[in-house]
Every structure is written in C-alpha cells, then in structure tokens.
Amino acid sequence: MQVIQPKKGESMEFIFDNERPIYIQLVEQLRLLIIAGEFQQGEKIPSVRELALIAKVNPNTMQKALVELETEGLIYTERTNGKYVTNDIKRLKTVRENIAKEKVKAFFSDMERIGMNQEDTIKYLQEKIK
C-alpha cells in the first residue's frame, strides 16, 4: 500500500487496503501527514466529519483514529474548539524517528530477501547517491 501525501495546498487523498482495519490505516496516514508538516504544530485540524468526508469513511471510524492519535500525543482537544496538532516538538521528533527506523528496517529486510546483506546494501546506496 502506498500512502499518498499531498503537497501544500493540494487536497488529501487516502488509500486503503482490505487487509487491515481502516482506522489503523487512517492513524498511519494521519500520523505521516502530521510529522511531514502537512498539519502544522498547533494547527487546528479539520473536524471529524470533514476528515471523514475527505477520507470517504464513516465518522465513527475517523473518530476512533483521532482518539488513537490523541492517545499518542500527536493531537489534543480543546473543549468546544476542536482538535489541534501538538506543539510538543520532542514528541513529533520521536514519532518521526520511530517511523524512520521502521522504514529502514523494512528496507533492509526487503534487500535481504533479494540476496543483499546490510553491507552490500549500504555500498549500493552509496554508489547510487554519488
């Protein structure tokens, strides 16, 4: 599955697969939008209903995803004012680093499946970026 991240000013597009619960995929995609800066620190995010319409999902599913993001500390709710992206730079950095580690680990695992060990993979990458 590919997560499509919009460029500034473009509309969001959500893509789902049938292998995992939709709310988990929403959490992952919204998390990426937050750490990539599509939703800025302290910025008010669209309402549950607006996000559900954009993602073409049930509002209850979107609410479940947002509760998860709030539990992770990536968003917070201001009573009667809506939901906002955290201002906690350290939290955003930690989440970004954790996602990067997961992606690097998956990359090296994929490279091992095609017969390239970690050392060969690093040499290959160094050659390609010169």
Side-chain angles (χ1 to χ4, degrees):
M1 176 185 82
Q2 179 182 9
V3 176
I4 299 187
Q5 295 184 32
K7 292 181 176 66
K8 297 280 184 202
E10 292 183 6
S11 62
M12 289 179 275
E13 183 177 352
F14 292 86
I15 297 176
F16 304 108
D17 63 45
N18 294 323
E19 298 176 23
R20 298 176 304 127
I22 298 295
Y23 90 93
I24 290 173
Q25 295 176 67
L26 283 167
V27 169
E28 292 168 349
Q29 293 183 44
L30 289 167
R31 186 186 295 130
L32 288 175
L33 291 171
I34 290 168
I35 65 165
E38 292 298 325
F39 292 128
Q40 298 288 318
Q41 296 169 358
E43 178 182 1
K44 183 176 182 177
I45 63 173
S47 72
V48 172
R49 290 199 183 283
E50 288 175 90
L51 285 171
L53 282 172
I54 292 166
K56 299 178 179 121
V57 299
N58 184 297
N60 293 329
T61 304
M62 183 59 72
Q63 178 62 29
K64 190 172 182 179
L66 294 176
V67 166
E68 183 72 24
L69 290 172
E70 192 157 2
T71 300
E72 290 180 17
L74 288 176
I75 64 173
Y76 64 94
T77 301
E78 279 190 9
R79 194 169 168 207
T80 72
N81 287 331
K83 297 185 183 303
Y84 294 80
V85 175
T86 184
N87 285 311
D88 185 345
I89 296 168
K90 186 176 178 181
R91 181 73 192 130
L92 293 169
K93 183 179 178 184
T94 299
V95 171
R96 183 179 295 115
E97 288 173 359
N98 289 340
I99 291 172
K101 285 178 193 175
E102 289 173 17
K103 292 195 176 286
V104 168
K105 186 176 178 180
F107 173 73
F108 279 112
S109 178
D110 288 345
M111 295 304 282
E112 282 181 17
R113 282 192 206 108
I114 64 168
M116 293 181 73
N117 64 28
Q118 200 169 15
E119 185 178 307
D120 291 339
T121 299
I122 291 170
K123 283 181 189 175
Y124 177 79
L125 289 171
Q126 288 171 335
E127 290 172 7
K128 292 298 175 188
I129 59 174
K130 286 183 182 179

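Heavy atoms only: backbone and side chains are in, while hydrogens, waters and symmetry mates are out.
Minimum interatomic distance between G82 and K44 (heavy atoms only, all atoms of both residues): CA-CE, 4.1 Å. The two residues L51 and P46 have their closest heavy-atom pair at CD1-O, 3.5 Å. Of all the heavy atoms in Q25 and D17, the pair that sits closest is OE1-N, 2.7 Å. Nearest heavy-atom pair, L30 versus M62, reported as atom, atom and distance to 0.1 Å: CD1-SD, 3.9 Å.
Side chain of T94 to backbone of K90: a donor-acceptor contact under 3.5 angstrom is found. Of the possible polar contacts, none joining the K83 side chain to the E70 backbone as a donor-acceptor pair under 3.5 Å is found. Without hydrogens or angle criteria, Q118 side chain to F108 main chain gives no donor-acceptor distance under 3.5 Å. Formation of a donor-acceptor pair under 3.5 Å by the Q40 side chain with backbone atoms of G37 is found in this model.
Y84 shares a hydrophobic cluster with Y76; the chain of contacts runs through ILVMFWY side chains whose heavy atoms sit under 4.5 Å apart.
In this view, F107 and M111, T121, L125 satisfy the side chain to side chain contact (heavy atoms under 4.5 Å, CB included) rule, not counting sequence neighbours.
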Audit row: E97, K93, side-chain contact (heavy atoms from CB on, under 4.5 Å) steps and yes/no:
CA-CA 6 Å; E97 288 173 359; K93 183 179 178 184; 3.0 Å; yes
Run the numbers on I34 and V95 for side-chain contact (heavy atoms from CB on, under 4.5 Å), then give the verdict.
CA-CA 10 Å; I34 290 168; V95 171; over 6 Å; no
